[in-house]
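Residues take their numbers from the sequence shown, with the count starting at 1. Both counts, for ligands and for their atoms, begin at 1 and track the order of listing.
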Amino acid sequence: MDSVLPHRAAQLLGAARRVVILTGAGISAESGVPTFRDDLTGLWARFDAQQLATAEAFHAEPDLVWGWYEWRRARVRRAEPNSGHLAIATIESRTPDTTVITQNVDDLHERAGTRAAIHLHGSLFTPHCVTAAAHPATFPDPPDGEAAEPHEGGRISPPRCASCQALVRPGVVWFGEALPEAALTTAAEAATTCDVLLTIGTSGVVYPAAEIPRIAASSGATVIQVNPQPTPLDQIAAINLRGTATQVLPTLVAAAWR
Ligand code: OAD
């Protein structure tokens, strides 16, 4: 990390009255949750999104898709929040007008103490039925004697909705589906009015989430990016902190409120 930029970033963060934090898969990478687009380790390097992350795929092979999401949910349950997630919760406690927006479907922000993360792409933990009513559902207990840990290609039959008997699907946003409208509206409003937007661990290529830092920059906020790699957001970020979430965030927060 350059020695001047983190200092300036810490000053701006410490002085900000309204902060928005946008996170992507990179914030959870050091907790052992794979990203999507990193070479070799990213989920989309190993799996075909069209076969696993669309409504058509679920309709065609519900057992394959449900099993894959159960495998991902099991991985997240084993994972612990890292010092990057904890630093974000500290920012919230220092600056009460902080909005955390995540593209992640894990619950690591919540487990680190973040109060109300906006989940733009839904959650692994909010399954619902496939009908328009989207009745909330619960996960069945694993049958006695059966391995509780699904493996990555393992097929598992999705449960049926207790209200209407329709199939239950993961509570995530799939390719081709609209983002939850209220979440997107709140996120865009927060980006319009913040002083500082921190974008952390996102490739910035999936829209409309990638619009959020752009809205903030065009509304006059300072955009600070934390990412070990260059991204298309480099151009709009006033400060680019090249490092991982756990390398950068605890230091940044300690310097902002020392
Ligand atoms: P990506 O996998 O596209 O990008 C992850 C980013 O995190 C990359 O820019 C990495 O350089 C960076 N990164 C990796 N390790 C990091 C670390 N330890 N600390 C900080 N940054 C790190 O993930 P997203 O941008 O979240 O959508 O992807 C956006 C959406 O695309 C996801 O929500 C998902 C996916 O398809 C849906 O499934 C709808």
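- The aromatic rings of Phe58 and Trp174 lie tilted to each other, with the angle between the two planes from 30° to 60°.
- For atom 29 (C) of ligand 1, the closest non-hydrogen atom on the protein side is Gln103 OE1, 3.3 Å.
- Residue-level proximity to ligand 1 for Val206 is carried by the side chain, the only part with a heavy atom below 4.0 angstrom.
- Residue contacts with ligand 1 for Ser203 involve both N, CA, C or O and side-chain atoms from C-beta outward (heavy atoms, distance under 4.0 Å).
- Within the 4.0 Å heavy-atom criterion, the part of His121 lying near ligand 1 is the side chain and not the backbone.
- Only the backbone of Val173 comes within contact range of ligand 1, with a heavy atom under 4.0 Å; no side-chain atom does.
- Here Ile236 pairs with Pro213, Arg214, Ala217, Val223, Leu233 under the side-chain contact (heavy atoms from CB on, under 4.5 Å) rule; sequence neighbours left out.
- In this structure, the protein non-hydrogen atom closest to atom 26 (O) of ligand 1 is Ala25 N, 2.8 Å.
- Scanning all heavy atoms of the two residues, the minimum distance from Glu92 to Thr114 falls at OE1-OG1, 2.8 Å.
- In this structure, Ala191 and Ile212 approach most closely via the heavy-atom pair CB-O, 3.6 Å.
- With a 6.0 Å cutoff to the six-membered ring centre and a 45° limit on the axis angle, Arg72 counts as a cation-pi contact of Trp68.
- Under 4.0 angstrom from ligand 1, there are no non-hydrogen atoms of Trp174.
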